[in-house]
Amino acid sequence: MTTDDKTQEKWEVQLRKGSLELVILAALQHRTLYGLELLKVLQSFKSTAITEGTLYPLLDRLKREQLLDAQWVQEGDIRPRKYYSLTAAGLTKLGDLTSLWRQSVQDIEYLLAHPGPDPIKVTGA
Amino acid sequence: MEQQQMIHQYLNTLQRYLARLSPAEAKEVIREIESHIFDLIEQREAAGQQADAATILQGFGEPRQLAEQYVAHMTDGAPPPLGFRAIQRVKHGVTASLYYGMAVFGFMTSFCLLFLAGAKLITPDAVGVWAMSEGNSLTIAFLAEPFPPEQELLGMALVPVAIVLGLALMWLTRRVLAVLKNHLYTRHP
């Protein structure tokens, strides 16, 4: 593996870590999922693929912060599963993080779309 | 069945590392992970795939590291920022020296008391507890020239008293050590 690949992988890991909370809240928006189900959803996307060892402690933390609600449900003969859904606070948090995310993407896109040598328009401070 | 055993062992180890959580919280964590593992195995088997416990457990990582994430909010509130890990290490050191200090002090004192009881039995005249300076201080001593027996406080009653105190102290030390060890264990086994 070249140094470039390593740096790129590091950056990917950082990006995934930073956006993980938003990813989980988004996946649970108006939806109730149990751990394994949520994991499969996340693992089906290239940039959100995480392991069990990352997901479960994070769900535990989000629940402790009262952003998520969890409930054990048993349907028929299947073993009981713990289902997660957003609380009102979780939905608000999702809104906040979404605006931050979109702002960030918009800013980066702007920079990418305006290469030199033309001067870049600087607004504000 | 070997697979079952591997999963069992993993969950047991995890439970040990979760000792800091309340029993109900720890049970909840184990229950969820257990449900996930067996769910996944059933789903794979139903799909005609081979369900390999080792591969599934790999996704959860080492039990100790997994547990640390669940316990982090209890030990530190939040994981310490980089560069502050030294403080954690000092805290570990204090706990470890406290543990060994407690063990040495507790057991030494308790053995001394038991030894005193034995010595009183063997040489009753030379061993005893005397009140000195008009009752302002207490002396436990082995003497070549014994005090007059009437000044001795306990007489032969020293034997049962010292044995009871010695045993009680030993019991207490073991209890305290058990509590300390539990904390040591979850921090750096």
Side-chain angles (χ1 to χ4, degrees), chain A residues 10 13-14 16-18 20-21 23-24 27-28 32-85 87 89-90 93, chain B residues 4 6-7 10-11 13-15 17-18 20-22 24-47 49 51-79 81-82 186:
Chain A
K10 240 186 204 168
V13 170
Q14 294 282 30
R16 194 179 306 160
K17 248 191 210 166
L20 200 51
E21 194 169 326
V23 164
I24 288 180
L28 289 171
T32 301
L33 299 174
Y34 63 95
L36 179 54
E37 221 174 2
L38 178 56
L39 186 76
K40 282 184 174 169
V41 169
L42 298 181
Q43 286 183 343
S44 70
F45 296 100
K46 191 170 170 283
S47 72
T48 65
I50 54 167
T51 62
E52 289 90 334
T54 307
L55 177 65
Y56 281 105
L58 184 59
L59 287 174
D60 184 64
R61 175 167 74 77
L62 294 177
K63 189 179 163 249
R64 227 176 315 109
E65 289 172 1
Q66 296 180 337
L67 300 175
L68 297 184
D69 211 12
Q71 226 162 4
W72 284 95
V73 177
Q74 175 155 26
E75 297 156 345
D77 284 343
I78 331 170
R79 68 184 65 258
R81 289 160 172 168
K82 196 174 175 183
Y83 281 85
Y84 292 90
S85 55
T87 60
K93 180 92 179 193
Chain B
Q4 295 269 3
M6 192 189 284
I7 294 166
Y10 184 92
L11 293 175
T13 314
L14 180 65
Q15 191 161 23
Y17 285 115
L18 288 175
R20 284 218 143 192
L21 300 181
S22 76
E25 282 175 318
K27 200 178 151 196
E28 175 90 7
V29 171
I30 299 287
R31 191 178 168 206
E32 183 173 30
I33 291 173
E34 192 178 22
S35 159
H36 175 106
I37 294 170
F38 287 110
D39 232 359
L40 199 53
I41 290 179
E42 275 170 25
Q43 286 183 14
R44 291 217 173 138
E45 279 174 352
Q49 294 170 322
D52 178 33
T55 317
I56 295 172
L57 292 176
Q58 213 168 29
F60 283 98
E62 288 297 314
R64 180 176 157 197
Q65 278 164 351
L66 183 60
E68 265 171 13
Q69 297 184 72
Y70 278 105
V71 174
H73 72 284
M74 302 199 60
T75 46
D76 311 307
L82 278 173
T186 46

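Computed from a predicted model, the values in this text were never measured in an experiment.
Under the 4.5 Å side-chain criterion, counting only non-hydrogen atoms from C-beta, Glu68(B) is not in contact with Pro57(A).
Scanning both residues, Glu52(A) and Ile56(B), for their nearest heavy atoms gives OE2-O, 4.2 Å. Residues Pro80(A) and Ser35(B) approach most closely at O-OG, 3.1 Å, considering heavy atoms.
Arg79(A) and Glu42(B) are joined by a salt bridge, as a carboxylate oxygen and a charged side-chain nitrogen come within less than 4.0 angstrom of each other.
For the atom pair CG of Asp60(A) and CG of Leu21(B), the computed distance is 8.0 Å after rounding to the nearest 0.5 Å. One finds the OH atom of Tyr84(A) at 3.0 Å from the CD atom of Glu32(B) (value rounded to the nearest 0.5 Å). Here the straight-line distance linking atom NZ of Lys82(A) with atom CD1 of Ile33(B) works out to 9.5 Å at 0.5 Å rounding. Atom CD of residue Gln69(B) and atom CG of residue Leu58(A) lie 9.0 Å apart, to the nearest 0.5 angstrom. Here the straight-line distance linking atom OG1 of Thr54(A) with atom CZ of Phe60(B) works out to 10.5 Å at 0.5 Å rounding.
A donor and an acceptor atom, one from each side chain of His36(B) and Tyr56(A), are located under 3.5 Å apart. For the residue pair Arg61(A) / His73(B), no side-chain donor-acceptor distance below 3.5 Å is found, with atom types taken as modelled.
For Gln43(B), the part sitting under 4.5 Å from any heavy atom of chain A is the side chain, from C-beta outward, and nothing else.
For CD of Glu62(B), the number of neighbouring non-hydrogen atoms (other residues, nucleotides, ligands) closer than 6.0 Å is 12 at most.
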